[in-house]
Amino acid sequence: MTSRLAAAKRVVVKVGSALLVDQKTGTLKSSWLSSLVDDLADLKVKGADVILVSSGAIALGRRTLGLPTGKLKLEQKQASAAVGQIALAQAWAEALRTRNIVAAQVLVTLTDTEERRRYLNARATLSTLLEQGAVPVINENDTVATSEIRYGDNDRLGARVASMMSADVLVLLSDIDGLYSAPPNQKGAKFIPEVAAITPEVEAMAGKPVSGVGSGGMITKIEAGKIALSGGCHMVIASGHELHPLQRIMSGERCTWFLAEANALQARKRWIAGTLQPVGHLIVDDGAKAALDKGKSLLPAGVKKVEGNFQRGDTVSIMLGHKEFARGLVAYDAEDARKMAGHKSAEVAKLVGVDRGSELVHRDDLVML
Ligand code: GLU
């Protein structure tokens with residue numbers, strides 16, 4: 001179990017406000033932050049991609065703005081976030097720089113991960129940052145998100161990011177070391193080291209939110225678990241009270257693992273095959289069919305005809321004559337797909353006016369039926 005994190009190729013680490021911001025002074029706990037950055041740097045040295053999801057903007061900003069302690073109104077939270085996010089991003093950037101790692105601030109709203117076109121754009125940007133070795137530091141764009149379209153907690157945001165980026169492990173660092181069968185201070189409460197499926201019994205174990213500064217409790221962590229596991233990503237809840245929290249997980253410190261059945265790619269393909277309705281058709285030639293059978297991406301040269309009116313990111317049926325044999329998420333809209341159909345890959349950028357690669361349907365977005 002402990003090697004699961006060490007072996008991960010892509011890790012999302014979510015850090016709760018209570019760990020980063022001293023509740024009494026409202027200031028950043030910099031030595032803890034830099035110990036986590038050391039752990040992240042070590043994961044990167046092992047070859048893993050690392051994405052951070054950091055809370056703390058509101059907790060940091062409220063004090064600077066001179067707002068009182070206690071519960072804040074939504075607008076006050078949003079105003080606090082606007083102030084605190086500057087300091088938060090700067091703290092991460094500075095700490096990562098000491099390990100020669102470039103930080104990238106990414107502020108997202110719910111729709112960026114829910115709406116398919118925005119999702120594809122966010123995914124492409126994050127992938128580019130990871131390819132370049134940077135560490136994205138993600139938070140919700142609290143200042144513009146209104147209550148109806150807010151995540152409100154970074155546990156679920158972290159899980160969405162993990163599933164969007166096909167991460168293999170999501171680490172939720174918070175002020176609790178894992179899941180208990182009942183509230184941890186209750187007599188007879190048992191620690192649960194491993195959860196193989198999120199059943200109603202597991203959900204019933206999640207008590208009330210415990211933290212004073214963050215907004216997540218065990219309930220949002222279980223919700224996050226559902227998202228991560230269905231995206232083929234394992235999740236671990238661990239305490240971030242001590243320095244070097246990731247090293248501690250790897251050396252067998254107590255924590256709760258939630259285990260995904262499928263891996264990210266399998267989960268993604270199941271989702272494409274099972275839940276999405278095709279809104280267009282790509283009719284291809286025998287050569288393209290043979291390439292797809294071998295696990296390749298669909299290139300425009302093998303496409304004979306484009307039917308339907310779809311957007312980038314929509315689901316399309318891939319057909320030989322009248323028979324659908326594959327299904328996938330298309331990387332270009334119908335108009336561009338028509339322009340590039342039958343053409344060589346090298347001509348694509350010129351034909352559609354943007355260089356977004358020549359795959360019409362990428363093999364990771366494609367399922368053979
Ligand atoms: N986005 C909020 C912040 O940065 C935190 C949300 C949460 O506590 O999960 O302050």
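Values in this document were obtained by computation on a predicted structure and should not be read as measured data. Just so you know, ligand 1 is whichever comes first in the structure, and atom 1 is the first atom listed for that ligand.
Distances between N or O atoms of L88 and those of ligand 1 include no value under 3.5 Å. Between K14 and ligand 1, a contact under 3.5 Å exists for no N or O pair. Ligand 1 has an N or O atom lying under 3.5 Å from an N or O atom of A57, backbone or side chain. At under 3.5 Å, a nitrogen or oxygen of N139, whether backbone or side chain, sits near a nitrogen or oxygen of ligand 1.
Counting the atoms of ligand 1 from 1 in the order shown, those under 4.0 Å from a heavy atom of D153 are 7 (C), 9 (O). Shown in contact with D142 at under 4.0 Å from a heavy atom are these atoms of ligand 1, numbered in order with element: 1 (N), 2 (C), 3 (C), 4 (O).
Between Y119 and W271, the two ring planes are tilted [angle within 30° to 60°].
Using 4.0 Å as the threshold, G56 has a heavy atom nearer than that to some atom of ligand 1.
With no hydrogens or angles considered, no side-chain donor-acceptor pair links N141 and T109 at under 3.5 Å. Neither side chain, N154 nor E140, offers a donor N or O lying under 3.5 Å from an acceptor on the other. A donor-acceptor contact closer than 3.5 angstrom links the side chains of T220 and D155.
Between R363 and K296, every side-chain heavy-atom pair lies at or beyond the 4.5 Å cut-off.
Taking R118 as the reference, D112 meet the side chain to side chain donor-acceptor pair (under 3.5 Å) condition, with sequence neighbours excluded.
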